[in-house]
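Inspection log for the structure reproduced underneath, given as structure tokens.
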Amino acid sequence: GAVVSQHPSWVICKSGTSVKIECRSLDFQATTMFWYRQFPKQSLMLMATSNEGSKATYEQGVEKDKFLINHASLTLSTLTVTSAHPEDSSFYICSASPLAGGQVDTQYFGPGTRLTVL
Amino acid sequence: GENVEQHPSTLSVQEGDSAVIKCTYSDSASNYFPWYKQELGKRPQLIIDIRSNVGEKKDQRIAVTLNKTAKHFSLHITETQPEDSAVYFCAASRQNGNKLVFGAGTILRVKS
């Protein structure tokens, strides 16, 4: 149980284009999903907290107009990197916490999306 | 806000030896402390977690201890095996779906 999927697993795009990444909880409902970015040999840095049915909460220094988050249902959150530039190249990982049943604070991670912007 | 420090940054041990990774946190309101294992290019996998109402938790070769007074917690891996080689991250959060703050990670290498 507690499986989180992400799509795509990797993407290469040209500078200036937008890229959408999907995060799904496959066998549980999640009121809250989280989006992280991880640069090589570094830790996971939280970008934003995605709340179903409401606006995302962004961490300091993360541009909300550049990283658009939509949490349309209890099993799906999307992150859109708008007008991507080479410095946006990174490993993007989502996580989700179960809505109920057991400990709601445990986060389960998706497999990540490797974004390369040329 | 919360700040989590993790040591050491790299750790090499001989197969069969024990490995200990330590973390400290700053927010006394934090009460949930998970440990994740991440292999290269893959997702972080939850290996063990502890909540502030207990001081120790064990799962086979893995154990975590928590000292709330000193605000530090540690991961203990006994009888290490080559497949334990990975990056380990500690994290801290307040309960009920609040965000995790991660440590910088520890690269564990188990030499056979």
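Below, all heavy atoms of this structure are taken into account, side chains as well, without hydrogens, waters or symmetry copies. Quick note on labels: first sequence line is chain A, next is B, and so on, each numbered from 1. All of these numbers come straight from a predicted model, not from anything done at the bench.
- B:Val87 and B:Leu108 fall into different hydrophobic clusters, where Ile, Leu, Val, Met, Phe, Trp and Tyr are joined by side-chain heavy atoms under 4.5 Å apart, directly or via other members.
- Within the 4.5 angstrom heavy-atom criterion, no atom of B:Pro34 approaches chain A.
- A distance of 8.5 Å separates NZ of B:Lys99 from OG1 of A:Thr57, quoted to the nearest 0.5 Å.
- Residues A:Phe34 and B:Phe102 share a single hydrophobic cluster, defined by chaining ILVMFWY side chains whose heavy atoms lie under 4.5 Å apart.
- The main-chain N or O of B:Gly103 is found under 3.5 Å from a side-chain atom of A:Ser43 such that the two form a donor-acceptor pair.
- When hydrophobic clusters are built by joining Ile, Leu, Val, Met, Phe, Trp and Tyr residues whose side-chain heavy atoms come closer than 4.5 Å, directly or via intermediates, B:Leu11 is grouped together with B:Tyr88.
- The environment of B:Lys58 atom NZ is sparse: at most 12 non-hydrogen atoms of other residues, nucleotides or ligands sit within 6.0 angstrom.
- If you measure heavy-atom distances from A:Leu46 to chain B, the contacts under 4.5 Å come from the side chain alone.
- Atom CZ of B:Arg61 sits in a crowded spot, with more than 12 heavy atoms from other residues, nucleotides or ligands closer than 6.0 Å.
- At a threshold of 4.5 Å between non-hydrogen side-chain atoms, the residues B:Phe89 and A:Leu44 count as touching.
- Heavy atoms closer than 4.5 Å to chain A are found in the side chain of B:Gln38, but not in its backbone.
- Side chains of A:Phe109 and B:Leu46 form no contact here, defined as non-hydrogen atoms less than 4.5 Å apart.
- For A:Leu118, the CG atom is densely surrounded, since the number of other residues' heavy atoms within 6.0 Å is greater than 12.
- The CZ atom of A:Phe91 lies 9.0 Å from the CZ atom of B:Arg43; values are rounded to the nearest 0.5 Å.
- Among B:Gly41, B:Ala91, B:Gly1, B:Pro44, the residue making the largest number of heavy-atom pairs under 4.5 Å with chain A is B:Pro44.
- Per-residue heavy-atom pair counts under 4.5 Å with chain B were compared for A:Gln42, A:Lys41, A:Arg114, A:Gln38, and the maximum is reached by A:Gln38.
- Hydrophobic clustering (ILVMFWY, side-chain heavy atoms < 4.5 Å, transitive): A:Val62 and A:Leu115 are in one cluster.
- Using a 4.5 Å heavy-atom cutoff, the side chains of B:Val101 and A:Met45 are not in contact.
- If you measure heavy-atom distances from A:Glu59 to chain B, the contacts under 4.5 Å come from the side chain alone.
- When the side chains of ILVMFWY residues are joined at heavy-atom separations under 4.5 Å, either directly or via intervening members, B:Ile50 and B:Leu75 end up in a single hydrophobic cluster.
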